[in-house]
Amino acid sequence: MTKNIRISLYIFIPILLWMISGLFVKDAVKNEVPKNDLFRVGTLLSEAVSYQPTIKLKATSRSEARVDVRAKTSGEVVKIGSTQGNFVEKDSILCSLGVVELNRTEVKAPFSGFIEQIVKPGNFLERGQVCATIIQLNPIIFVAEVPEFNINKVETGQDVDIRLVTGEFINGKLTFVSKSASPSTRTFKVESQIENKNGLVRDGITAEMTIKTKLVMAHKISPSILLLNDEGKIGIRSVENDIVKFHNITILEDSESGLWITGIPKELELIVQGQGFVEDGQKVLINKL
């Protein structure tokens, strides 16, 4: 191969390689995806379901009646008709007094109930002094206080679950809802009257009352997607036609499985990733999860 030909090849080959590389670069540029400035968010389709919110309250049991049975005359107690803790029927003799006024020597139970306290034989009672204290435990009443912001959800006849501090569980109905708030606590008294034939539920025991309110259409969401808008209102963000939209919400209940909310459309594409980095009215790319 002559010198001239070698020189020509030295010149031609680099030029050829440059030209070929230029073609590939051009093709690569043509196939490159244009950079998109839109922010990408993760969304999840949420559909409202029928849900029964509950209101949990601290409650206390209360006897239907508690009466101090008093002597109508003075005299020594010569005999008692029952002992402390026992059940007595109405008109049972509680205390027998040794006095001149024979028609007033017997102090009787005004109703059937349990003897909470009774004097011992040999004690002297003046007229009007207490012979015995009797409590009526059937029915037993559970009393609780509903905050004023929840009172519009509560009405008589609603189902209640009552869990005693001792572990027992009772089902019942709401039998009373007060029309007047307590001036000091701004709460409304509610009651559930429960059958207690054997007196197993004691007077003054602590319990948790769960009131089951009306069924509503609600969404269950993760609390982590909640945020505040510029006005300081709590809510969530969704995407409609690739546009971000903020929704005010009403929280019904914070359960172990999630947060139940209402006040938003029956079906919407919730932003569950990136909701804190976008604004209302902003156009975004969607990554459905």
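Numbers for residues simply follow the sequence, beginning at 1.
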Is any side-chain heavy atom of Ile194 closer than 4.5 Å to a side-chain heavy atom of Asn196? no

Are side-chain heavy atoms of Thr262 and Met217 found at a separation under 4.5 Å? no

Rounded distance (nearest 0.5 Å) linking atom OG1 of Thr54 with atom CG of Asp161: 9.0 Å

Nearest non-hydrogen partners of Leu174 and Glu155, listed with the distance: CD2-O, 3.5 Å

With a 4.5 Å cut-off on side-chain heavy atoms, are Ile141 and Glu64 touching? yes

Val41 with Ile236, same ILVMFWY side-chain cluster at under 4.5 Å: no

Is any side-chain heavy atom of Val201 closer than 4.5 Å to one of Leu137? no

Quick one, Glu267 and Glu47 - any side-chain contact, counting heavy atoms below 4.5 Å? yes

Pro53 and Lys153, any side-chain heavy atoms less than 4.5 Å apart: no

For atom CG of Asp230, decide whether the heavy atoms of other residues, nucleotides or ligands shown that lie under 6.0 angstrom number more than 12. no

Thr175 side chain to Gln193 main-chain N or O, any donor-acceptor pair under 3.5 Å? yes

Do other residues, nucleotides or ligands put more than 12 heavy atoms under 6.0 Å from the NZ atom of Lys245? no

In terms of hydrophobic clustering (I, L, V, M, F, W, Y; side-chain heavy atoms under 4.5 Å; direct or indirect links), are Ile211 and Val216 co-clustered? no

Linking I/L/V/M/F/W/Y whenever their side-chain heavy atoms sit closer than 4.5 Å, directly or via other members, would Leu268 and Phe246 fall into one cluster? no

How long is the gap from CD1 on Ile271 to CG on Leu289, to the nearest 0.5 Å? 11.0 Å

I'd like to know if Ile221 and Ile234 are part of one continuous hydrophobic network [Ile/Leu/Val/Met/Phe/Trp/Tyr, side-chain heavy atoms within less than 4.5 Å]. yes

The test is side-chain contact (heavy atoms from CB on, under 4.5 Å); show your working for Glu208 and Thr210 and say whether it passes. CA-CA 7 Å; Glu208 181 184 69; Thr210 302; 4.1 Å; yes

I'd like to check Lys189 versus Phe176 (side-chain heavy atoms, cut-off strictly below 4.5 Å). Are they in contact? yes

Going hydrophobic residue to hydrophobic residue with side-chain gaps under 4.5 angstrom, can you get from Val107 over to Val67? yes

Tell me whether the count of non-hydrogen atoms from other residues, nucleotides or ligands lying under 6.0 Å of CZ in Phe277 goes above 12. no

Considering residues at least two apart in sequence or located in another chain, which fulfil the ring-ring contact (aromatic ring centres under 6.0 Å, His included) criterion with Tyr51? Trp260

Around atom CG of Asn241, are there more than 12 heavy atoms from other residues, nucleotides or ligands closer than 6.0 Å? no

Return each pair, listed once, that meets disulfide bond (SG atoms under 2.5 Å apart) where at least one residue sits in residues 241-289; pairs must be two or more places apart or across chains. none

Neighbour count >12 (heavy atoms, 6.0 Å) for atom CZ, Arg202: no

Could you list the donor-acceptor pairs under 3.5 angstrom formed by side chains in residues 108-123, with sequence neighbours left out?
| unit_1 | atom_1 | unit_2 | atom_2 | d |
| --- | --- | --- | --- | --- |
| Ser112 | OG | Glu89 | OE1 | 3.0 |
| Ser112 | OG | Lys90 | N | 3.0 |

Using side chain to side chain donor-acceptor pair (under 3.5 Å), reason through Thr187 and Glu145 one step at a time and then give a plain yes or no. CA-CA 6 Å; Thr187 58; Glu145 302 285 334; 2.9 Å; yes

Rounded to the nearest 0.5 Å, how far apart are OG1 of Thr43 and CD of Gln275? 11.5 Å

Quick check on Glu279: does its CD atom have over 12 non-hydrogen neighbours (other residues, nucleotides or ligands) under 6.0 Å away? no

Quick one: pull up NZ in Lys56 and CZ in Arg163 and give me the separation to the nearest 0.5 Å. 8.5 Å

Would you say Glu126 and Ser74 are linked by a side-chain donor-acceptor pair, where the criterion is simply a distance under 3.5 Å? yes

Do you know the tightest heavy-atom contact between Leu259 and Pro223? CB-CG, 4.3 Å

Can you confirm whether Val284 sits close enough to Leu38 that some side-chain heavy atom of one is under 4.5 Å from a side-chain heavy atom of the other? no

To the nearest 0.5 Å, atom CD1 of Ile264 lies from atom OG of Ser46 at 6.0 Å

Drop me the distance from Gln158's CD to Thr213's OG1, to the nearest 0.5 angstrom. 6.0 Å

Less than 4.0 Å between a side-chain N and a carboxylate O, is that true for Asp159 and Lys173? yes

